[in-house]
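What's counted below: heavy atoms across the whole structure, side chains too, no hydrogens, waters or symmetry copies. Order of the sequence lines fixes the chain letters, A, B, ..., with proteins taken first and strands second; residue numbering starts at 1 for each chain.
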Amino acid sequence: AQSVTQLDSHVSVSEGTPVLLRCNYSSSYSPSLFWYVQHPNKGLQLLLKYTSAATLVKGINGFEAEFKKSETSFHLTKPSAHMSDAAEYFCVVSASDDKIIFGKGTRLHILP
Amino acid sequence: GAGVSQSPSNKVTEKGKDVELRCDPISGHTALYWYRQSLGQGLEFLIYFQGNSAPDKSGLPSDRFSAERTGGSVSTLTIQRTQQEDSAVYLCASRTGPRENTEAFFGQGTRLTVV
């Protein structure tokens, strides 16, 4: 069975500083991993996905994530935060049983 | 359609009444998922369909919850004898399947309020 742990429920950063949202996964199979973003009162949008190709994955809006099998991690980063990045971010795992499992989410706050 | 469509967008119901929530997936997507998102919580997996079959119903919270899918397309989530703790946003997603590396596309959700 697979699972996802998002290590921080809330992260606050100042505008213009780097963002790091942490995610660890557990899976019996070689998983696919995703990051989704949910802005207030909006639907879920895919940021990026890892599907066993390159371990460094680039997504939309300047976000990227690195798959580290040895650490079972898939942390999301962005070099410079923007006010519009304030949202909830979900790390997601999918394996060969077709189940899609979400982490509990990390709410990102951007300080002016 | 262009995306996953859910109806109604909002539903207020009295405790004890039954409700039906509808999901129209993206045309051609064989896999369909239902999730529940309560205030301040992550997405709780409810049930998954591959075609009209539900290989995994493990997330349904109680026997008051049921779901079906017909024609490999529209799905309905039914909650019987609603309780206040059922209040949440119910999200539906679809993807081409069965391929674990494809992304899921989400609807806007149905906000259910039980009073």
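A:Glu64 and A:Leu56 get closest at one heavy-atom pair: OE2-CD1, 3.8 Å. The minimum heavy-atom distance between A:Val13 and A:Val19, with the atom names listed, is CG2-CG2, 4.0 Å.
Residue pairs meeting the side-chain hydrogen bond (donor to acceptor under 3.5 Å, both in side chains) criterion with at least one member in residues 71-80 of chain A, sequence neighbours excluded: A:Lys78-A:Asp85.
Taking A:Tyr36, A:Phe102, A:Tyr50 one by one and counting their heavy-atom pairs under 4.5 Å with chain B, the maximum is reached by A:Phe102. Interface summary for chain B: among A:Leu46, A:Ile100, A:Leu44, the most heavy-atom pairs under 4.5 angstrom belong to A:Ile100.
Proximity of a side-chain donor or acceptor of B:Ser87 to a complementary backbone N or O of B:Val114 within less than 3.5 Å is detected. Side-chain N or O atoms of A:Thr106 include one that pairs as donor or acceptor with a backbone N or O of A:Asp8 at under 3.5 Å.
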For A:Val57 and A:Phe67, run side-chain contact (heavy atoms from CB on, under 4.5 Å): C-alpha distance rounded to whole Å, both residues' side-chain angles, the deciding distance at 0.1 Å, then the answer. CA-CA 8 Å; A:Val57 181; A:Phe67 174 72; 6.0 Å; no
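Contact residues of residues 55-69 of chain B toward chain A are B:Asp56, B:Ser58 (heavy-atom distance under 4.5 Å).
For B:Glu44, no part lies near chain A; criterion is any non-hydrogen pair under 4.5 Å. Residue contact with chain B, scored on non-hydrogen atoms closer than 4.5 Å, involves the side chain of A:Gln38 exclusively.
None of A:Arg107, A:Lys42, A:His10, A:His39 except one satisfies the side chain to side chain donor-acceptor pair (under 3.5 Å) rule with A:Glu88; the exception is A:Arg107.
Here B:Tyr35 and A:Phe90 keep their ring centres 6.0 angstrom or further from each other.
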